[in-house]
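These notes concern the structure reproduced below.
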Number of protein chains: 2
Amino acid sequence: MPAYPQVSTYHVAIDCIVFGFDGQQMQLLLIKRGLEPMKGKWSLMGGFVQPDESTDDAANRVLKQLTGLEGIYLEQLHSFSAPDRDPFARTISIAYTALIDIKQYQQQLTDDYQAAWFSMKEIPSLIFDHNQMVKMARQRLRYKAASHPVLFELLPQKFTLPVLQNLFEDVYETEFDKGNFSRKMLSTGLLLKQTDKDKTGSKKGAFYYKLDKKHYKKNFHQLLRIVPNAHELI
Amino acid sequence: MPAYPQVSTYHVAIDCIVFGFDGQQMQLLLIKRGLEPMKGKWSLMGGFVQPDESTDDAANRVLKQLTGLEGIYLEQLHSFSAPDRDPFARTISIAYTALIDIKQYQQQLTDDYQAAWFSMKEIPSLIFDHNQMVKMARQRLRYKAASHPVLFELLPQKFTLPVLQNLFEDVYETEFDKGNFSRKMLSTGLLLKQTDKDKTGSKKGAFYYKLDKKHYKKNFHQLLRIVPNAHELI
DNA sequence: TCAAAAGTGTTCACGTTACACCCATGA
DNA sequence: TCATGGGTGTAACGTGAACACTTTTGA
C-alpha cells in the first residue's frame, strides 16, 4: 500500500456504545475484553478498521458479530485520539452510538464475548476512555432525541404510550405529564394506533402503537415539542 | 512504536472547515493544495496528525499555521474514512468546524498557502470528499446555532443587532422580523448594550453590543427560541 | 423635510402546562 | 366495588408572529 513519505500511520478502531431499553430503564451492552492489554476488563464492543472498509462498515461488522443483527441504528459519535489513550499502541478510535431493540438481541453469542447489559447507574469502570465515550453518547442521545424520533429504535415494533413515556423519562431523567405526553406524541402523526392492548401493566390495558414509517421523515422535526423545557435538558 | 500484530495502520489527517462572516454573508476559507495528488486544486486546510498530538491538537496547530490565530473556536465534526477517499494512500480524516472573526484573520500568511475566502454560493469543486465535509459542516452549524450561542464566534467583540440578524438570516437562509429578533435576542440576557453606535449602516446608527461572558453559560440554552420555526430549519 | 434604517408597542392566535376528571377491568 | 393505571377535557398562561408605529439623523 502506498503511503505519504515521512508521515506516521496509526491503528484505527471503532467502539460501539450499544443502548437498549428493557421497558423501564436504559441499558448499556458491555463485553469483557479478550485482548491484551487490560484483558478481562469491561469494555465497549470494538474492533480495528480493515483496509477495505470504512469506519461505518467496521461498526456494522462488529455489531453483527456481537448481536447477530443487521441494519441496526448506528450513528457516528466522535473520534477519540489522545496519544496515550491506548497505552500499548497509538490507536485512534471512532465511537459509534447504536440503538437496538433489546428483545431482538439474540443471546446466542453473549457467551462468546462475555457480554452483559448494565443499567446506566451500574456502569463499571471501563478500559481506556470508554467511560468518557458512554457519557458523551448519553448526552448526544438526549440532544438528538429532542428533535428526531430516534428513541423508537430502542422499542419493539409494537409499543404502548406508557412504555414510550418511561423511555423518554429515563433518557431525560425527569417526569412528564402523561396527558400532555400522549397528546404531543400523537399530534406528531408518527404513531399508528393498533387494535390490541398490552394488559401486562394494568387492568384496563394500554393500546399498542406502531411507528408510521410513511410519515417518519415528514414529521421528523415535530419531536422538538415532545420534551418540555428541552432547552434546560439539552 | 509498538503495534498490535496483524492490524493495519493508516494515515490520520484533520481537515478544517473555516467559516467567517463579512457582515453580510458567510464565507469559507480555502487553500490551494500544495501536495500531490491534486496539487493546485482548491481544498480545505488540513494536515496529518503527529505522533505526539491528538486530532484536536493537530487542528489547532494547522489553524495557527494558516491564520496566525490561537484559541479559535473549533469543534469536531465527523470522521471520513471511505477506503478510496484519498486515491494515493489510505487516509482517515477527522473534519473540524472552525469559526473565526474574519477581521482578526491576518492576511500575512495568505500568500504562503494561497488562501482565499469564498461565499457559500461560490464554493468551487474541492478535492476528495471536501465538498461533502463543507455541506455537513453547514448543516451542523445550523443545528448547533439553534440552541447554542456559537455564531458570535464569527463576529467582532462589538457588533450591532442588525449585523447579528444578517448573520442569522444568512445561516438559516431566511428572513427574520427585526422586532421579534431583537426582543428575543435581548431576552436571553447574553447581550450587553454599549454606549456607542455604528453609523456606517444608517443615519440613525445602531447600538453596539457585546457578549456577556458571565451569563454565557447560564443562558446557553436560551437561543433555542431565537430561530423561528427552528424545527423546520434544523 | 424627507428617506431610510433602528428600534418599540400591540394584538391575536396558538401551544403548553397543570390538574381535574372519566374509563376499563381484574381482583 | 374498589383500586389501579390508561386516557380525555379544559382553563390559565405564556410565547411567537405579524405588523403598525415612533425615533433618529444625514442629505
Side-chain angles (χ1 to χ4, degrees), chain A residues 23-24 146-147 155 158-169 172 174-210 219 221-234, chain B residues 23-24 146-147 155 158-169 172 174-210 219 221-234:
Chain A
Q24 297 295 324
S147 56
L155 296 173
K158 277 172 26 172
F159 52 86
T160 64
L161 280 177
V163 164
L164 186 60
Q165 186 173 341
N166 283 346
L167 174 52
F168 271 82
E169 290 184 341
Y172 291 100
T174 185
E175 297 195 351
F176 299 152
D177 179 278
K178 65 181 165 167
N180 297 334
F181 182 83
S182 92
R183 235 166 308 119
K184 279 193 205 177
M185 198 51 84
L186 295 174
S187 78
T188 64
L190 282 169
L191 299 187
L192 289 173
K193 192 172 193 168
Q194 305 303 111
T195 50
D196 50 338
K197 286 184 165 188
D198 169 29
K199 296 220 172 188
T200 60
S202 74
K203 290 152 188 171
K204 182 177 177 183
F207 278 106
Y208 282 115
Y209 288 85
K210 284 187 182 177
N219 292 300
H221 55 272
Q222 292 283 22
L223 286 204
L224 264 182
R225 289 167 37 233
I226 291 300
V227 182
N229 304 313
H231 48 282
E232 289 178 1
L233 299 164
I234 286 171
Chain B
Q24 297 295 326
S147 55
L155 296 172
K158 277 172 27 172
F159 51 86
T160 64
L161 280 177
V163 164
L164 185 61
Q165 185 173 342
N166 283 346
L167 175 52
F168 271 82
E169 290 184 340
Y172 291 99
T174 185
E175 298 196 350
F176 299 153
D177 179 279
K178 66 182 163 163
N180 297 333
F181 182 83
S182 93
R183 233 168 306 118
K184 279 192 206 178
M185 198 51 84
L186 294 174
S187 77
T188 64
L190 282 169
L191 300 188
L192 289 172
K193 191 174 193 166
Q194 305 303 111
T195 49
D196 50 339
K197 284 185 166 188
D198 168 31
K199 296 221 173 187
T200 59
S202 73
K203 289 151 189 172
K204 184 177 177 184
F207 278 105
Y208 282 115
Y209 288 85
K210 284 187 180 177
N219 292 302
H221 55 273
Q222 292 284 23
L223 286 205
L224 263 181
R225 289 168 37 236
I226 291 301
V227 181
N229 303 315
H231 49 283
E232 289 178 2
L233 299 164
I234 285 170

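Here is how names work: the chains are called A, B, and so on, in the same order as the sequence lines, proteins then strands, and each is numbered from 1.
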Less than 4.5 Å apart, side chain to side chain, heavy atoms only: is that true for B:Glu169 and B:Phe181?
no
Do A:Leu191 and A:Phe159 have side chains that approach each other closer than 4.5 Å (heavy atoms only, starting at C-beta)?
yes
To the nearest angstrom, how far is A:Met185 atom CE from D:dG6 atom P?
15 Å
Taking B:Ala146's backbone N and O only, do any of them form a donor-acceptor pair with B:Tyr172's side chain (distance below 3.5 Å, no angle check)?
yes
Flag, side chain of A:Asp198 to backbone of A:Ala206, donor-acceptor distance under 3.5 Å
no
Expressed in angstrom and rounded to an integer, what is the separation of A:Asn180 atom CG from D:dT8 atom P?
13 Å
Rounded off to whole Å, could you give me the CD-to-P distance for the B:Glu175 and C:dA5 pair?
13 Å
Looking at residues 192-209 of chain A, who's got a heavy atom less than 4.0 Å off DNA chain D?
A:Gly201, A:Ser202, A:Lys204, A:Gly205, A:Ala206, A:Phe207
Roughly, in whole Å, what's the span from CG in B:Leu186 to P in C:dG9?
12 Å
Which of D:dG7, C:dC19, D:dC19 is nearest the side chain of A:Pro162? It is D:dG7
Provide, to the nearest angstrom, the distance between the CD atom belonging to A:Gln24 and the P atom belonging to D:dG5.
12 Å
If I take atom NZ in residue A:Lys178 and atom P in nucleotide C:dA20, what distance separates them, rounded to the nearest angstrom?
12 Å
Tell me whether the side-chain N or O atoms of A:Arg183 pair up with the base of D:dG9 as donor and acceptor below 3.5 Å, since no angle test is needed here.
yes
Atom CZ of A:Phe176 to atom P of C:dT17: distance rounded to whole Å?
10 Å
Side-chain donor/acceptor of B:Asn166 to backbone N/O of B:Gly23, under 3.5 Å
yes
Whole Å only: how far is the NZ atom of B:Lys184 from the C1' atom of C:dT8?
17 Å
Measure from NZ or CZ of A:Lys197 to the centre of the six-membered ring of A:Phe207 and say whether it is under 6.0 Å with the direction within 45° of the ring axis.
yes
